Engineer: 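If you scroll down you'll find the structure; I have some questions about it.
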Amino acid sequence: MKNQTEFSRKILSFYDEHARELPFRVSPKPYYTWISEIMLQQTRMDTVIPYFNRFISTIPDIKTLAQVDDDLLMKLWEGLGYYSRARNLKKAAQVMVNRYQGELPDCFEDLLTLPGIGPYTAGAIASIAFNKPVPAVDGNVIRVFSRLEAYGEPAMNAKGKRFIHTAVEKVISTERPGDFNQAVMELGATICLPNGAPLCEKCPVASHCLAFQAGNPLDFPIMPKKKERRIEKQTVLLVTNDKQFLVEERPEQGLLAGLLQFPMKSGHLEETEVKSWLEDMGYPDAQFKPGKSAKHIFSHVEWHMVSFDVTISSSRVRELSSNLRWVEAEDLEQITLPTAFKKFRQIMWSRLLDIV
Ligand code: SF4
């Protein structure tokens, strides 16, 4: 890019004029930058703000986070999805307590060694919280720079990211690197838009933009072909006795690892299959009938779920296998269930209203 100093000056003055007032910018602390960046990884800003405020008022610092009760942590994260992010926050906080006196390390390489912190987040923390001139390359930055440079190869793979990283390194402000990175992200979020045409007529750096000059910004970034989402059929059991409901723990690995759910099996099961599933649990006399269905979309998978309403007489309550447990009816609001089960939670709630 030509006129790098001018580019840097223009984008910083754009930021000074247009930066949104966000809770983690108003009173910046490295801890706030870290938490907000992790929350923002797969979630929109508007959604994150109330979660962020609740999180830091409950867990105000790294030492508290290192010792936080897992259930409370999951509760604070409930609805944000990608729960491994929350688990990694606690693990990283424990490393910081043991290795860095309970503080975030200030250098990119040390940040990269912490659980849940990849190159983007390390760059964001190093630049925003510690003023280090390190690029923070996220989807917005890739889009903006692949248009600025009219980068003619796929931009989201390792080679593309390296190209963008180097392009940012060449122009990043050494005086205000954190503001520079945030300015590019802000430009990507508000002007150089991801869906639909960018607002080039309002862009402060249009004169530096090769795609704009060639009249084809929408051709960038070059994306790989999208894979179709995999559809997985599931059958969910909504099981109650006269004072409790049944939940199951998901496996420790994979999607929604270790979280609770209503008992679930792959496939849309026939009633005979549901009967033998209940028999295997030890409930051959359970009463059941088909219930509502629901759909949940993850990034690569869609769950198409059908359900059965199951009633078990309390006299039949028995020892369960280790991943199943009965929960008291009044605790339905307290336990953490992934958003995928939101509809079933409401159904369970109306069934339990007769009990509590
Ligand atoms: Fe994006 Fe248009 Fe600005 Fe180029 S001129 S960076 S395409 S908004």
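When a ligand or atom number is given, it counts from 1 through the structure's own listing order. Keep in mind that this is a model prediction, so the values were computed, not measured.
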Engineer: Using atom types as modelled and distance alone, determine if a side-chain donor or acceptor of Y51 lies under 3.5 Å from a backbone N or O of E78.
Structural biologist: yes

Engineer: Under 4.0 Å from a heavy atom of F212: which atoms of ligand 1 are those, numbered in the order shown and with their elements?
Structural biologist: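 Near F212, meaning under 4.0 Å from one of its heavy atoms, ligand 1 has 5 (S).
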
Engineer: Should one rank A150, C200, S146, A211 by closest heavy-atom distance to atom 2 (Fe) of ligand 1, which comes out on top?
Structural biologist: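 Ranked by closest heavy atom to atom 2 (Fe) of ligand 1, first place is C200.
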
Engineer: Within the side chain of S8, is there an N or O that forms a donor-acceptor pair under 3.5 Å with the backbone of I172?
Structural biologist: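 Looks like no, no N/O pair under 3.5 Å.
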
Engineer: Checking a contact table here: which protein heavy atom is nearest atom 1 (Fe) of ligand 1, and how many Å away?
Structural biologist: C192 SG, 2.4 Å

Engineer: Testing the 3.5 Å rule here: is there a donor-acceptor pair between the side chains of R85 and N88?
Structural biologist: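 Side-chain D/A pair, R85 to N88: absent.
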
Engineer: Does H208 bring an N, O or S atom to within less than 2.8 Å of atom 4 (Fe) of ligand 1?
Structural biologist: no

Engineer: Would you say C203 reaches atom 2 (Fe) of ligand 1 with an N/O/S atom under 2.8 Å?
Structural biologist: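 It does not: C203 brings no N, O or S atom closer than 2.8 Å to atom 2 (Fe) of ligand 1.
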
Engineer: What atoms in ligand 1 come closer than 4.0 Å to a heavy atom of A206?
Structural biologist: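 Close to A206: 5 (S).
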
Engineer: Over all heavy atoms of both residues, which pair between N140 and A189 is shortest? Give the atoms and the distance, please.
Structural biologist: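 Looking at all heavy atoms of both residues, the closest pair is OD1-N, 3.9 Å.
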
Engineer: May I ask you to list the atoms of ligand 1 that are less than 4.0 angstrom from any heavy atom of R147?
Structural biologist: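 Matching atoms, with element in brackets: 7 (S).
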
Engineer: How far is atom 4 (Fe) of ligand 1 from its nearest protein heavy atom, and which residue and atom name does that atom have?
Structural biologist: C209 SG, 2.4 Å

Engineer: Any salt bridge between K10 and E6, counting N to O under 4.0 Å?
Structural biologist: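 Judged by the 4.0 Å cut-off on N to carboxylate O distance, K10 and E6 do form a salt bridge.
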
Engineer: For the pair D70 and K90, find out whether any cationic side-chain nitrogen is under 4.0 Å from an anionic carboxylate oxygen.
Structural biologist: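 Looking at K90 together with D70, the answer is yes, because their closest N to O distance falls below 4.0 Å.
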
Engineer: Please write down residue, atom name and distance for the protein heavy atom closest to atom 7 (S) of ligand 1.
Structural biologist: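 Of the protein heavy atoms, P217 CB, 3.5 Å lies nearest.
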
Engineer: For Q41 and Y120, test the side chains for any donor-to-acceptor distance below 3.5 angstrom and give the result as yes or no.
Structural biologist: no

